[in-house]
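Remember, it's 1-based here, ligands and their atoms both numbered in the order they're listed. None of these values were measured; they are calculated from a predicted model. Side chains included, hydrogens not; waters and symmetry mates left out as well; all remaining heavy atoms used.
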Amino acid sequence: MHIKELDYLSPATLAEACGLLHSGGPGAKVFAGGTDILPDLKRGRVNAASLISLAGLDGLKKIEKRNSTQPHPSTLYPLPSTLFLGPLVTPDALDRSALVREIFPGLSEAAASMAANQVRGLATLGGNLCSAVPSADLPPSLLTAEAELVLTARDGERRLALKDFFLGPRKTALRLEEILTGILIPELPRGTGTAYDKFQARDASALAIVGAAARLTVKDNKIVKALVAIGACAPTPLLIAAAGEFLAGKEPSGQNFARAGELAAQAIKPISDLRGSAQYRREICRVLTIRVLKRAFERA
Ligand SMILES: Cc1cc2nc3c(=O)[nH]c(=O)nc-3n(C[C@H](O)[C@H](O)[C@H](O)COP(=O)(O)OP(=O)(O)OC[C@H]3O[C@@H](n4cnc5c(N)ncnc54)[C@H](O)[C@@H]3O)c2cc1C
């Protein structure tokens, strides 16, 4: 199998990239690290006439704290500060970032769990989201972060909550002419802990059979807010509302985490495939949910 000849374009500005995406029509595809799109082109899963590389857009490689001015959908008022992640940030950079480790260790764990070194230094956060592969490692943690996406086209930008982004396997709400230009994580309240764990068939470089992320905010030994998200167990990564609702207001106890694990196992819609049966995935999901809740609590 080989890739048919196509144009590789290297815009120097975001405006230029948006213009090229507009003028290229459906045959123009965004190219970030290439670790998903190149195999897809080879297998004929994706057709492209041109690849628009984002590599020259340094503004999309940043990890930084920013003051927010726009209302966040979950609070309807601007939060004092936001963690901005550029879509070109690699899993390696996420894992090594002191800021990410401090604010959202669950996301560092998810990035560290991805692939082998070569892929971790090439792949990007934006590509991981836009590929919308159900087993992707970064979406569950970002769902528990209540992350927002900035989507930019030639005629302007819009914000979209990550929970509304995934529509199905390899399907997202990204419009043809849009580029994902930022991932925003609202400030987490004091007393919040986060964690991610993944079950895979071997120690490294394997896709998740189940991925689980948790975020807990605890005050005076009561859970103020809990979010659990599961990957690889449904057509899209899933926020498990029943687990979060059950835990809110309760004590952070082993018994309550065990019940949340059962609720997560009931809420997922796993398939049986080469990597595991649906029943196996439910059991792993239950166990991983308990594990990440305990770890998030230890960090809260
Ligand atoms: C050997 C190997 C191991 C892997 N292991 C893992 C793993 O353990 N866990 C895991 O989650 N994934 C894994 N992957 C999958 C892959 O590396 C990730 O999904 C990666 O994050 C994709 O990023 P990329 O920059 O390479 O995307 P690309 O291949 O460049 O792009 C992927 C898709 O997203 C679109 N896109 C990319 N960036 C943007 C943007 N900013 N705006 C709009 N559209 C965009 C592209 O047009 C394309 O459709 C593995 C891949 C390989 C080859």
How long is the straight-line distance from CG of Leu238 back to SG of Cys285, given to the nearest 0.5 Å?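 Rounded to the nearest 0.5 Å, the SG-CG separation comes to 9.0 Å.
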Drop me the distance from Ile52's CD1 to Asp7's CG, to the nearest 0.5 angstrom.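 If I round to the nearest 0.5 Å, the distance is 10.0 Å.
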Under 4.0 Å from a heavy atom of [X]: which atoms of ligand 1 are those, numbered in the order shown and with their elements?
| X | result |
| --- | --- |
| Pro87 | 41 (N) |
| Ala136 | 11 (O) |
| Leu174 | 43 (C), 44 (N) |
| Gly33 | 24 (P), 25 (O), 26 (O), 30 (O) |
| Ser131 | 32 (C), 33 (C), 34 (O) |
| Ala32 | 25 (O), 30 (O), 37 (C), 38 (N) |

Proximal candidate to [atom] [heavy atom criterion; set [options]]:
| atom | options | answer |
| --- | --- | --- |
| atom 7 (C) of ligand 1 | Asp137, Val133, Asp40 | Asp137 |
| atom 48 (C) of ligand 1 | Leu125, Leu21, Ile37, Leu41 | Ile37 |
| atom 17 (O) of ligand 1 | Thr35, Val30, Leu129, Thr172 | Thr35 |
| atom 21 (O) of ligand 1 | Val119, Thr124, Leu122, Leu38 | Thr124 |

Indicate yes or no: does [X] engage [Y] in a salt bridge with an N to O separation below 4.0 Å.
| X | Y | result |
| --- | --- | --- |
| Lys225 | Glu146 | yes |
| Glu283 | Arg286 | yes |
| Arg291 | Glu109 | no |

Is there a donor-acceptor contact under 3.5 Å linking the side chains of Thr192 and Thr217? yes
Side chains of Asn117 and Arg120: do they bring a donor and an acceptor to under 3.5 Å?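 Asn117 vs Arg120: donor-acceptor pair found between side chains.
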Can a cation-pi geometry be assigned to Lys250 and Phe246, taking NZ or CZ under 6.0 Å from the six-membered ring centre and within 45° of the ring axis?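 Yes.
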Sub-3.5 Å N/O-N/O distance, [X] and ligand 1:
| X | answer |
| --- | --- |
| Asp36 | yes |
| Glu178 | no |
| Gly34 | yes |
| Phe31 | no |

Among the heavy atoms of Lys198, does any lie under 4.0 Å from an atom of ligand 1?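 So Lys198 counts as touching ligand 1.
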Could you walk me through whether Arg45 and Asp36 satisfy the salt bridge (charged side-chain N to carboxylate O under 4.0 Å, His left out) test, starting with their C-alpha distance in whole Å, then the side-chain angles of each, then the deciding distance to 0.1 Å, before giving a yes or no? CA-CA 11 Å; Arg45 191 153 32 192; Asp36 273 331; over 6 Å; no
Flag yes if more than 12 heavy atoms outside Lys294 fall under 6.0 Å of its NZ atom; otherwise flag no.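 No - once you tally the heavy atoms of other residues, nucleotides and ligands closer than 6.0 Å, there are 12 at most.
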Please work out, at 4.0 Å between heavy atoms, whether the side chain, the backbone, both, or neither of Leu60 comes within that distance of ligand 1. neither
